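Comments concern the structure below.
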Protein chains: 2
Amino acid sequence: MPKPNSLRKTAATRDSEATKCQILDAAMIEFAVGGLAAARTESIAAKTGVTKAMIYYYFNSKEELYRAVMQRCFNEDLQLVKQLNLDQLTPPQALVTVISNMYQKMCKRPQMASILALESIQNSGKYYPQQTAEILFDQLIGLLERGIDSGDFRPLESRHTAINIVGSCAFYFIARENLQHMWPGQDLLCPEMIDRQSKEATKMILAGVLASDKSV
Amino acid sequence: MPKPNSLRKTAATRDSEATKCQILDAAMIEFAVGGLAAARTESIAAKTGVTKAMIYYYFNSKEELYRAVMQRCFNEDLQLVKQLNLDQLTPPQALVTVISNMYQKMCKRPQMASILALESIQNSGKYYPQQTAEILFDQLIGLLERGIDSGDFRPLESRHTAINIVGSCAFYFIARENLQHMWPGQDLLCPEMIDRQSKEATKMILAGVLASDKSV
DNA sequence: CCAATAATTAACTTACTTGTTAGTTATCTT
DNA sequence: AAGATAACTAACAAGTAAGTTAATTATTGG
């Protein structure tokens, strides 16, 4: 009487796609803590149901595995962003949407912010899939400029402002473990906390960006 | 005719304090790229005029060296912050001062933001000198609450807002290498750029935080 | 059900990294 | 100026980590 499909690697043996995915998931967690340089292949393997050799079987090297993780991160991201159809919204609405979307994404993949930050710090972003990071930022910058032109936003410097907006969001996730002490016992990743942080950020950013004669 | 005091380690031989300082400086640069885990003692030594053995002679281990670097970072920081005398300023003035001070500090030690971010991501902040990070955050939170009480600021959630403020500042330095592409050829650490970023952040944050019936 | 192939492992090799040690050179004291 | 001590180095030992290999086990198609 063999169990056909237990949770762990017990059954469902030998499914290459599942194994690749397991490795990618484990790698994402490991890379999100140490980045490419400090990640240990042994440690990644330990998080999966398979041996280290499988990493090399499917991904050839730690570096290529890292590339694959990055790729997957950004693909998901781009997919989501394209579905937003920001052009059909007013600039303030679009901005609110972008911010809310950022938090949702981070909430779904809490490792995201750390991985991107680590890649930037450790490797100057050279492993980012070509221009993908640019696309995401440019979208926000474009939206800000549209809002300035329409008079919804005050005349601000779009690039610097975009940095401030993304930064305020990313920081919550990057410094999560340190911010913990402000809310003892609370899980900073629980939906309620994320929601409060998101709302507070949205309010501040919107008020900071809107032309003084406008309001939402 | 021996040179008495050339720039490198040529002359001025055997000055223990200078050597310790050289090691700390080199370590700071190395730790700011990879964090404790990815930093190589060999690589730190290579940045100094002395051998790796000196690291162990003066600091015993990579970990203790890391602790020393952290300590020095925070000591400087606390010193500066205490001199601000925020209590003698109105809340909006105090906030402007805090923001401007953050940028100045980061400008002086561009590795700072990366080191703190890496420590948080890699080690959950366990190497921060006891409570020092808390003090810095609490100061900002206290100031925000004072502003809410006085009616200068709108009723916001001080902790979340503090995170947004610090985040928008830190991100510029953390993601510096990636943001580079927005200003091709420009040095993001040059005083003019920092000044523009700082001004833009100040404007946005202040507008985002001030009660709607107030202005600076 | 058997052969071919794909997935997987355990054990190993090679390169790197931390930390040590024994010995060397400069500086300071008397 | 000699002896003591502090600063320093080169070479090494021990442990760790990346990547490989040869053999093993499951799956699939005829």
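These numbers come from the heavy atoms of this one structure, side chains and all, not from hydrogens, waters or symmetry mates. Because the structure is predicted, anything quoted here is derived from the model rather than measured. Note on naming: letters A, B, ... go to the chains in the order of the sequence lines (proteins, then strands), and numbering restarts at 1 for each one.
Within the nucleic acid shown, T51(A) comes within 4.0 Å of at least one base atom, counting heavy atoms only. Nucleic acid contact class of A39(B) (heavy atoms, under 4.0 Å, all strands): sugar-phosphate only. Within 4.0 Å (heavy atoms only), Y58(B) reaches sugar-phosphate atoms of the nucleic acid but no base atom.
Not one N or O on the side chain of S124(B) forms a donor-acceptor pair closer than 3.5 Å with the backbone of K126(B). Between the side chain of T161(B) and the backbone N or O of E157(B), at least one donor-acceptor pair lies under 3.5 Å. Side-chain atoms of K62(A) never come within 3.5 Å of backbone atoms of Y56(A) as a donor-acceptor pair (strictly under, hydrogens ignored).
The CG-P distance, from L36(B) to dT17(C), rounds to 15 Å in whole Å. Taking atom CD of residue E64(B) and atom P of nucleotide dT18(C), one finds them 15 Å apart after rounding to whole Å. One interatomic measurement links the two molecules: NZ of K62(B) to C1' of dT18(C), which rounds to 8 Å at whole-angstrom precision. Taking atom OH of Y56(B) as the reference point, atom C1' of dT18(C) lies 4 Å away to the nearest angstrom. The distance between atom CZ of R14(A) and atom P of dA7(C), rounded to the nearest whole Å, is 9 Å. Atom C1' of nucleotide dA18(D) and atom CD1 of I44(A) are separated by 11 Å, given to the nearest angstrom. The interatomic distance linking I23(B) (CD1) with dA7(D) (P) rounds to 11 Å, in whole Å. Rounded to whole Å, the distance from OH on Y57(B) to P on dT5(D) is 13 Å.
Taking side-chain N and O atoms only, T41(A) has no distance below 4.0 Å to OP1 or OP2 of dG19(D). Taking 4.0 angstrom as the limit, S61(A) places none of its side-chain polar atoms (N or O) nearer than this to OP1 or OP2 of dA18(D).
When distances run from any side-chain atom of K52(A) to the nucleotides dA18(D), dT9(D), dT9(C), the shortest one goes to dA18(D). When the nucleotides dT9(C), dA26(D), dT9(D) are ranked by their closest atom to the side chain of M54(B), dT9(D) comes out on top.
No N or O donor and acceptor, one from the side chain of R40(A) and one from the base of dT16(D), sit under 3.5 Å apart.
For an aromatic pair to be called close, the ring centres must be under 6.0 Å apart, and F171(B) with F171(A) fails this.
Atom NZ of K199(B) has 12 or fewer heavy atoms from other residues, nucleotides or ligands within 6.0 Å.
Residue order along DNA chain D, read from the 5' end via each residue's closest nucleotide, puts S16(B) first among E63(A) and S16(B).
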